[in-house]
Amino acid sequence: MTGGTAGGLPLFHQTVRDDWIDYNGHLSEAYYVLVFGFATDALMDAAGLDAAYRGRTGCSLYTVEAHVRYLHEVARGSELTVRTTVLGVDDRKLRLLHEMFTGAPSGSAVATEELFALHVDQAAGGAAPLPDASREYFAGLLAPAPPWAGNGIRAVQPRR
């Protein structure tokens, strides 16, 4: 369910299923994260961190921090597209931004997710260097963060 973009980064496509709809008649919050997870998987595959790599090396990307913004309601049967941007990469770490759209990836996103991931050697139980080819792939996709990225949850101000 992926398709290419001009820059080579795969777009992820998914149709909202009936059983993903909550009691308010919209996409339930857990399924936004599920779709973003599928988009991360597609990016890993494109970067050579696929199932064969994980089986051969025992290494994988682990999400260690995530921030989701739910911006617009998503209806049953909507066609979703997730555009992924690499915001940062080094020898072991990756910072990603997923933007979810209904239909083509234009206009306002319906949701966003920022991820901080580590490349982990499961046997050693700790972070391990990314393969050179994967790190170079991610580095080739680097783009500047939008102004709202990196801003955590807003503080609640008491009413006066």
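As a basis for the values below, the full set of heavy atoms in this structure was taken, side chains included, without hydrogen atoms, waters or symmetry mates.
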Cluster link Tyr32 to Leu34, ILVMFWY, side chain under 4.5 Å: yes
Phe38 and Phe12 aromatic ring geometry - parallel, tilted or perpendicular at 30°/60° bounds: tilted
Trace of the side-chain hydrogen bond (donor to acceptor under 3.5 Å, both in side chains) decision for His98 with Thr40: CA-CA 8 Å; His98 293 305; Thr40 299; 2.7 Å; yes
Rounded distance [0.5 Å steps], CG in Leu97 versus CZ in Phe36: 8.5 Å
By side chain to side chain donor-acceptor pair (under 3.5 Å) - contacts of Thr102 (at least two apart): none
Test salt bridge (charged side-chain N to carboxylate O under 4.0 Å, His left out) applied to Arg76 - qualifying residues, sequence neighbours left out: Asp18
Shared hydrophobic cluster, Leu61 / Leu118 (ILVMFWY, side-chain heavy atoms < 4.5 Å): no
Worked check of side-chain contact (heavy atoms from CB on, under 4.5 Å) between Leu96 and Val86: CA-CA 5 Å; Leu96 300 175; Val86 176; 3.8 Å; yes
Donor-acceptor contact present, side-chain Asp45 to main-chain Gly48, <3.5 Å: no
Side chains of Thr112 and Glu99, donor plus acceptor under 3.5 Å: no
Reported CZ-to-CG distance for the pair Arg135 and Leu130, which is rounded to 0.5 angstrom: 7.0 Å
Contacts of Asn151 that satisfy side-chain contact (heavy atoms from CB on, under 4.5 Å) - sequence neighbours left out: Trp148
Contact summary for His72 and Ser108, nearest pair of heavy atoms: NE2-CB, 4.1 Å
Any donor-acceptor pair under 3.5 Å from Arg69 side chain to Ala111 backbone: no
Salt bridge (charged side-chain N to carboxylate O under 4.0 Å, His left out) involving Asp91 - partner list, sequence neighbours excluded: none
Contact check, side chains of Leu11 and His13, non-hydrogen atoms, under 4.5 Å: yes
Minimum heavy-atom distance Ala47-Ser134, with the two atoms named: O-OG, 2.6 Å
Student check: side-chain heavy atoms of Leu141 and Val89 closer than 4.5 Å: no
Residue pair Thr63 / Phe116, side-chain heavy-atom distance below 4.5 Å: no
Hydrophobic cluster of Phe101, others only, ordered by chain and residue number, side-chain cut-off 4.5 Å: none
Rounded distance (nearest 0.5 Å) linking atom CG of Leu43 with atom CG of Asp41: 9.5 Å
Check: Phe138 and Asp90 side chains under 4.5 Å, non-hydrogen atoms: no
Side-chain donor or acceptor of His26 paired with backbone N/O of Glu73 under 3.5 Å: no
Val82 side chain near Pro105 side chain, heavy-atom distance below 4.5 Å: no
Exam field: side chain Glu114 to backbone Gly150, donor-acceptor pair closer than 3.5 Å: yes
Heavy-atom closest pair, residues Val35 and Trp20: CG2-CZ3, 3.7 Å
Minimum heavy-atom distance between Ile21 and Ala75, given as atom pair plus value: CD1-C, 4.2 Å
Close side-chain approach of Leu71 to Val110, heavy-atom, < 4.5 Å: no
Heavy-atom closest contact (Val33 atom, Val68 atom, distance): CG2-CG2, 4.0 Å
Inter-residue atom distance Thr84.OG1 - Leu115.CG, 0.5 Å rounding: 8.5 Å
4.5 Å side-chain heavy-atom contact, Pro129 and His119: no
Residues forming a salt bridge (charged side-chain N to carboxylate O under 4.0 Å, His left out) with Asp19, sequence neighbours excluded: none
Close side-chain approach of Val74 to Val16, heavy-atom, < 4.5 Å: yes
Inter-residue atom distance Tyr53.OH - Ser60.OG, 0.5 Å rounding: 8.5 Å
Value rounded to 0.5 Å, distance of CZ in Arg54 from SG in Cys59: 11.5 Å
Gln122 and Tyr62: side chain donor to acceptor below 3.5 Å: yes
